[in-house]
Peer 1: 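Encoded as structure tokens, here's the structure I'll be asking about.
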Amino acid sequence: MKDIEWAKINKDVLASLESPRPLFWVVIAVCFTLVLAGVAAEAYQYNYGLGTALMNRPHYWQLYISNFVFWIGMSHSGTLLSAILLLTKADWRKPIYRFAEAMTLFSILTAAIFPVIHLGRVWDMYWVLPYPNERTIWPNFRSPLLWDAAAITTYATSSALFLYVGMIPDLAICRDNAKGWRKKLYTAMSLGWMGRATEWVAFRKTYVLLACFLVPLAVSVHSIVASDFAMSMVPDWHITSFPPYFVAGALYSGCAAIITLFVMLRYLFRFEAYMTTEIMDKTVKLTFAIAMVWNFLNLGEYAAIWYSNDMFEKEVLIQKFIGPYAPVVWGMLLCATVAPFAMAFEKFRHNMWAMFWLSLVLQLGMWLERFQIVSPPLASNHMPWTWAVVWPGTIQMTLTVASFGWFTMLFLIFCKIFPSVSMYEVKEMVFHRRIASSRDEMEDISKIKDEVMQTEVGLK
Amino acid sequence: MALKRMLENWSRLRQHDYYADEPYMWGMSIDLNKCTGCGACVTACYAENNLPVVGKEHCGSGHSMHWMRIERFWTEPEDNPDVDIEEATDHPERGAHYLPMMCQQCNHAPCEPVCPVAATYHTPDALNAQVYNRCVGSRYCGNNCPFKVRYFNFFDFWNELPHPLEMQLNPDVTVRSKGIMEKCTFCVQRIRSAKDAAEDAGHHDHVEDGTLLTACQQSCPTQAIVFGNLKDEDSKVKRGWESHQVELEHFEQDKSEDVRGYRVFEELNVEPCVMYLDRVRDTEA
Amino acid sequence: MDENKSNSENKQESANKQELNSGWSRRGFLKVMGLGGAGSALVLTGCGDTDIINAVDIEVRKEKVLPNVDPQDFVRPGVEMYYASTCRQCPAGCGVHARIREGRVLKLEGNPASKINHGRLCPMGQAGLQAHYNPDRLTKPLLRKGGKLVEISWDQAEDVLIKHLARKNAKLAWLSGAISGHHAALIDAYLAAADSKNNYVFDTLPPTVGHAVNEEMFGAAMPRLDFDKAQLIVSFGADFLGTWMSPVQFAAQYANFRNAPRGTLVQIEPKMTLTGANADRWIPARPGSEGHLALALASLLAQSSEYASRIPASVVASLKAVNIDEIASLTDVPAERIHKLHHLLTSRSPSLVLSGPSAEGVPHGTETARVIQMLNVMLGNVGKTILPRGKSPFPNLMPRMGGWAEAKSMLDDLNSGKIDTAVVFGSNPLYQAPDFMQAEKAFAKAKFRVSFSMFPDETSMACDLVLPIHSYLEEWNTTAPAYAAEDGYLGIQQPVMNPVFGEGGTRAFGDVLLAVLKHMDTNYNQWDNYQAYVTNALWTMRPALVNPPKPSVPGQTEEEAFHQGVMATGFVHMQVEKAPDIQARVSAVSLPKEKQNTQYPFRLIPSARLGLWDGRHANLPWLQELPDQLAEVVWDSWVEIHPKTAEKLGVITGDVVNVASAAGKVDVKVVVFPGIHKDAIAIPLGQGHTEYGRYAKGVGVNPFSILTAKFDKNSGELATYATDVKLTRVADRGKLVTLKHGDLVLESNTSRQAGRDLVKTTTADKFDHSEKEA
Amino acid sequence: MRQRINMTWSSKLVWMVLIAAMGCLLPLSAWADDVSNDPQPIEFPHDRHAGKFKINCMYCHTFARRSMVAGIPPVAKCIGCHQHLPSVRDKPRIKKLFTYWEQKKPIPWLKVHDMPDFVYFTHKRHIQRFIFKDGRPTQQVCGMCHGDVKTFSVGQKVRAMTMGWCLSCHTQFQGKSDIGKPAPAARWMIPTAATDKPVMQVEFPQPAVLDPEHPVTMKNSVIKKMTEHLPAKIKDHIVHAPHDCWQCHK
């Protein structure tokens, strides 16, 4: 197979900023409508009170929290793909890590909406932050929600930084080729990148350091989200294995999301040459592995509850399978436990659109998983007198759908403005491949270097 | 400076029994032998604590606000060979099981550590406080409460209160707006004014037992509810706890078999301040 | 709060009040409500803004403070005060302390000194505040002009009233609800002046049949019952903890009864009442067969000479014919259970056998009550737990409970044209009377109809002149309780605050009627107003009182001291002659055997509950939101059906069924409910108002409306528990609402304790043993 | 060239962030005291009554010592004195007063000190403590919160009355090191009545609510032990102000 032409990389990627397929605009329009619907729903809820969302006692938490977990979870695979695979020097990540990182950032931004709109008094949300005030009151440092606030802000900042730093060389390329407002934007953002050797050295160091910082951070963030549940005493939330279970689940749904976006971007921005079947194959294999880890932890959790013989927890477990929320649980098992086995087949793995739909199924499964983490334990809590079933109402569903619109909109706008495929890293990948192949052809390495230089300066 | 203080205080605060020598610890006991389930306490609480009437629609969506509620069960907790109906019948021939349930003012309250803004905390007189104006409505406390006795203002229920019903509102108790969690306070306004009255009378740190009644206790037709200071050796409630061998800090009571005292969900080690006394049925009847 | 404090304070307050009596009702001091900025309980909004930018949010010179013009010592801003008065939410007449701040009543609490309720108060008493502050209260007199009620001024209203009422009119009829004290006396005086003998009293819940039988057998309508002494109470449907006579008083006695050595309660009734829910043994008897069960017990007792000797031999002979097995199948109570009950009755003494509405509300109600009371005689309870009642020195102040018979005869008189003017006070026959009585039609026949009412109820809205009256918290009065464990109790009512709707709004019933009387009898000019009438009457009653208050402060006159003392206590005790021992009169009873009605296979039980009572409290939101003690439903009507019956009919909780009797039908939602006999269905009373304000109107159905015309033969009372109905399913699940969640269908899951130790139960033996140790 | 543009953009960004941050902090300094200029129905001269004639505050505000509110005097109280003061009878304010009296109408005063509805403040405890127990001059004690009223004509709000301001007294005694340190005089004194020495030898306290489970940062028993050896003069005056959210919010 013919490798990517060196000279075409810049052109292809830069072209993606200008002329996506028309479907792009349709998707943007749909997403924007969803966002507007979400804004309207939130305005209504803000005015009339949270009761409009149809949560109640004992269902004090519902979709907002499960969406929050879902979106935070989704952000993890971006870090995994870029940071962990960077550190493990997996070259195949290079064409796809940029959008994965963007996905990380935007899913955090989406996730961050939910704890806010979920508050009873949104207008007092900043009280959660420790800031000096004349009343000499601090927030409660023991509350997992406070850790959440800290973790999310840290994670959002770091992943934004990571995305941005990794993008600087590409921004410089864009700067050199852009006009108008784009020129100003890229100029400001590329921080005067000239591509000097010293710059590259500093850049490499920074990037790797950031990656080292981000990996434990990502793990800790979802562990903290897990402690929102695990630190409480609601039966079936109060589980020690929740942090790893959540992290695995996060990576699982995130990888599925990457597959979805992979196929979508490939089509919308005509990245067929970059996002190849081999990369898809590797991504899917990774997803499959993570799916199995998650399944192991999930089944392990069931076993732990069953053998613990704790009255309260067992009750919830039984209710999960035969109670009113059983369709959700069985749906989850179907989508997230059974469906991933399709990934074991190579033919399937190499079919882009099949993978697109499968990844959506996996994500649905993981979304249901988050719902069944939040709702059934509250429904059959300690106090049987309060047992009740509540299905999320229109407002909650609207905001959920709107969050998907919001995320996709932000993501696509990002891809429209910034290079969603890392140009310099793809070049590096091609370079590595060439070296590998040129060893066979006994080609002079300096010749390649010359070619590289010429391209960069624009001679070719 | 502030940080140094903070660390200093932090370590001090971790001590167990921090409030051991405070003069008050409010506690309650409810005798299920006497409770008839009539609901006088429920209405008294509505009147005393400015609880909103939410109407049928909101009751239907689970948004009702009733700090004190009477739970009704038809069955025994498990097979109780003593009291079980000897023959299988189609009727609850042993009557109903009533459980008045309000905030248990736990000493290891699960709601307290999870509040992000510290709107709920423990007062030195062992009350589980809820500061309405600090609450941001994360509802974490409500989830974490095993008794599910925290009630969230899903709407501004007071907006619809027609004149002149608002004239009944108790000025000592804040009227809560939407987005705020609330719960039984053991009638803290009465506690505070009883302390105030004791201060006026020159009794520092001593509220005479029986001079302070919670609204539910006061209205209870059978006087099934007893409320008082658990630190006062002579108080009725303390004597009740002692004679029924319930100790606050234990989650498994070491007591003789026939004694009736127990606390709901004691095994969760939340140290509730409300003791219940077994319901009684005559097996010869 | 502080019982002693409030007592002594009471004295002071009423002292102050006495001084200011003249000015009391004239000053619009409601205006001082916000006085001094006492934490006005406004809605907490924007409270979040108190953090960094606090100062901006706090209002300076925005809100008004209106101090009094004259200092009024009984209004101390920020300081609460207690006034003693009497509750009139039901005929029980409990003593209350009203908590007042800034001239507003905030809470009603029991009067600890009262022998009726010992400082406790039931939900209905608590909710009296909402009757007082009800947004649907009438605030202007209404006169029917051109078929419509239009607002008029009080001056006009008085003119109309005097024109129609202040004259001799033998065709005038007066209908009041259960009534006592000086209201009753004043109405008597008026009717005497008007030369009318048509004084009707109608209330739905008081056990009229039971009273008649008591009168017949024990010589007192309501002998004193001693729950404390009883070791065993066997109650045939008397819901003494919920709706029977004086629930708070009985509950207090019940609490003592349950102390070690613990008394045992057996409740026999077709539908579980609140009392049944607390019984040690609840026995579901087939509706209407309670008398037979009592007869079986009597015949078993009669086998022993100890019991048989207490009743005439002829009666004993008549009991011989009773066949226990036959009765077992008739009552659907196993013979073994009857024998056990017999054993219990013989082994626990003294006991107390009560007869309640579900036993008495059948065509053979009088006979049933007689058999039940005969058990008391046989068991020797008379004189031990059933004590004689002394004759009151003021019989015209004693409670009159009335009954269906009186309502029936009034409606008949209306229909036959014997009455041309009808006055209604405190009763609501257009809601309470069953459809077959056609109360509306009868009322339409009267030429002029006057209603004294606080609320726009069904009857008032059908009247020609509606006079808005004060709530019981705004007026002077006296009230004798329906039942008092001690003889001679008379509750005093005093206004605890200025009228909510001010001077031009409502007026005291007593004042209005007194004004009419003054036009008819100049003797009444000696009293300026009803307050003067009541206080003078009390002063003249003084010699007949137990320990009338004496001056304690120098400079106080005898009369001042008396009034202050009386007002501070909230009640007086009249001297009552010691009653002679009861000589029970027992006669032989024969009970008819009811046949199964094949067309209408179920017996309808219009169950009353502590809360909405007979429907008079349906306009109080607190009581609408107080869940039914057994079904836990709020804000609705429902029909309780036994699970087995429901299975047979193919209905589940929430389904809508049509309940049809020979007299009418209603559509109502099902609650599958284990505490009911399989042949019975129960629809709670209280809902189904077509008027009565925003909280009551259009909620649920009214089971009164479909009662059939069956009457107790001896007393002429309507047999309320004798309506046969059939059920047809008409629609799928509707929404039935409880306080816990919206969907009652799930309730089948949650009425169990799911393995948790929520309500633990122990046995009475262990209880007695451990209490003795403690 | 490119470099220069870069700098401009970056610095613009920095400035924008800084300005935005300042904007957020701005309300902090907005201690607007008297935000409304609506006139009182009668310009009541506190300076004459409390200043010139030295009438005790509690002569008119009679409820301060026995109720949570201080109380506004009834019209009859004003008339009680003023009907015997013919010298000022013709003054427009007094005429207005008599008009209210004759019409038997309450005077619609405008509230000057208004707490939010969720704040429970009781005058009684403070008056009992500082005037009756400590024997401080009335005007000084009232002045702690209400300012030097005898210099005012119409009542004004001179203290912010924010929670932090309340806490400046109510913050608990923190530890041994606090003893002997001067209290912030401003907290205690009003400008012209600063004749009294501060008694509460506590330095300005540190943030106290660290752990919501234990808002009382030092137990009374510990304070007692620490202050045992102090001379009675100081010991008796150590204020045990409640430091518990539920004291004022409930």
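All chains are named by letter (A, B, ...) in the order of the sequence lines, taking the proteins before the strands, and each is independently numbered beginning at 1.
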Peer 1: From A:H59 NE2 over to B:S61 OG, what is the distance, rounded to the nearest 0.5 angstrom?
Peer 2: 13.0 Å
Peer 1: As a quick check of understanding, evaluate side chain to side chain contact (heavy atoms under 4.5 Å, CB included) for B:K148 and A:N381, giving each step before the final call.
Peer 2: CA-CA 9 Å; B:K148 292 287 175 277; A:N381 57 60; 3.4 Å; yes
Peer 1: If you take all heavy atoms of B:F155 and A:T52, which pair is closest and at what distance?
Peer 2: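 For B:F155 versus A:T52, the nearest heavy atoms are CZ-N, 3.5 Å.
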Peer 1: Working note: A:F229 + B:Y140, criterion ring-ring contact (aromatic ring centres under 6.0 Å, His included); need CA distance, chi angles, decisive distance, verdict.
Peer 2: CA-CA 10 Å; A:F229 299 93; B:Y140 201 162; 8.2 Å; no
Peer 1: Could you state the interatomic distance from CE (A:M383) to CD (B:E71), rounded to the nearest 0.5 Å?
Peer 2: 4.0 Å
Peer 1: Report yes if some heavy atom in the side chain of B:D156 is under 4.5 Å from a heavy atom in the side chain of A:Y48; otherwise report no.
Peer 2: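 No, too far: nothing below the 4.5 Å cut-off.
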Peer 1: Step by step, would you call A:M233 with B:V270 a side chain to side chain contact (heavy atoms under 4.5 Å, CB included)?
Peer 2: CA-CA 10 Å; A:M233 62 187 296; B:V270 291; 4.0 Å; yes
Peer 1: For atom CH2 of A:W306, decide whether the heavy atoms of other residues, nucleotides or ligands shown that lie under 6.0 angstrom number more than 12.
Peer 2: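 Result for CH2/A:W306: open.
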Peer 1: Give the intermediate values and the outcome of side chain to side chain contact (heavy atoms under 4.5 Å, CB included) for residues A:L119 and B:S138.
Peer 2: CA-CA 5 Å; A:L119 283 187; B:S138 78; 3.8 Å; yes
Peer 1: Let me know if A:D310 has heavy atoms under 4.5 Å from chain B in its side chain, its backbone, both or neither.
Peer 2: neither
Peer 1: Do side-chain atoms of A:R121 reach the backbone of B:K178 as a donor and acceptor pair under 3.5 angstrom?
Peer 2: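 Pair absent, no side-chain N/O of A:R121 close to backbone of B:K178.
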Peer 1: Quick one: are A:L50 and B:F152 in side-chain contact, heavy atoms under 4.5 Å?
Peer 2: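 With C-beta onward as the side chain, the pair touches.
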Peer 1: Would you say B:V117 and A:V128 make side-chain contact, with heavy atoms under 4.5 Å?
Peer 2: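 Yes, their side chains come closer than 4.5 Å.
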Peer 1: Determine, using ring centers only, whether B:F147 and A:H382 are less than 6.0 Å apart.
Peer 2: no
Peer 1: Look up atom SG in B:C115 and atom CG in A:L146, then write down how far apart they are to the nearest 0.5 Å.
Peer 2: 10.0 Å
Peer 1: Taking all atoms of both residues into account, what is the closest heavy-atom pair of A:V234 and B:N144, and its distance?
Peer 2: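 Between these two residues, the closest heavy atoms are N-OD1, 4.0 Å.
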Peer 1: What part of B:E267 is in contact with chain A, defined as an atom under 4.5 angstrom from a non-hydrogen atom: side chain, backbone, both or neither?
Peer 2: side chain
Peer 1: Answer yes if the side chains of A:H118 and B:R139 hold a donor-acceptor pair under 3.5 Å, and no otherwise.
Peer 2: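 Short answer, yes.
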Peer 1: Of the listed residues (B:C145, B:G142, B:G179), which shares the most heavy-atom pairs with chain A below a 4.5 Å separation?
Peer 2: B:G179
Peer 1: Just by modelled atom types, is the B:S64 backbone N or O under 3.5 Å from a matching donor or acceptor in the A:R57 side chain?
Peer 2: yes
Peer 1: Let's test your reading of the structure: which of A:L129, A:I65, A:L54, A:D228 forms the most heavy-atom pairs below 4.5 Å with chain B?
Peer 2: A:D228
Peer 1: Is the shortest heavy-atom distance from the side chain of B:M101 to the side chain of A:W385 under 4.5 Å?
Peer 2: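 With C-beta onward as the side chain, the pair stays apart.
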Peer 1: Ignoring hydrogens and angles, tell me if any N or O in the side chain of A:Y60 forms a donor-acceptor pair with the backbone of B:R150 under 3.5 Å.
Peer 2: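 At least one qualifying donor-acceptor pair exists.
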Peer 1: Among B:C135, B:C111, B:P110, who wins on heavy-atom pairs under 4.5 Å with chain A?
Peer 2: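 Looking at each of B:C135, B:C111, B:P110 in turn, B:C135 comes out on top.
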Peer 1: Can you confirm whether A:W406 is buried at CH2, in the sense that more than 12 heavy atoms of other residues, nucleotides or ligands lie under 6.0 Å from that atom?
Peer 2: no
Peer 1: Taking all atoms of both residues into account, what is the closest heavy-atom pair of B:P116 and A:P139, and its distance?
Peer 2: O-CB, 3.3 Å
Peer 1: Test side chain to side chain contact (heavy atoms under 4.5 Å, CB included) on B:N143 and A:W237; report intermediate values, then the result.
Peer 2: CA-CA 11 Å; B:N143 280 343; A:W237 282 7; 3.8 Å; yes
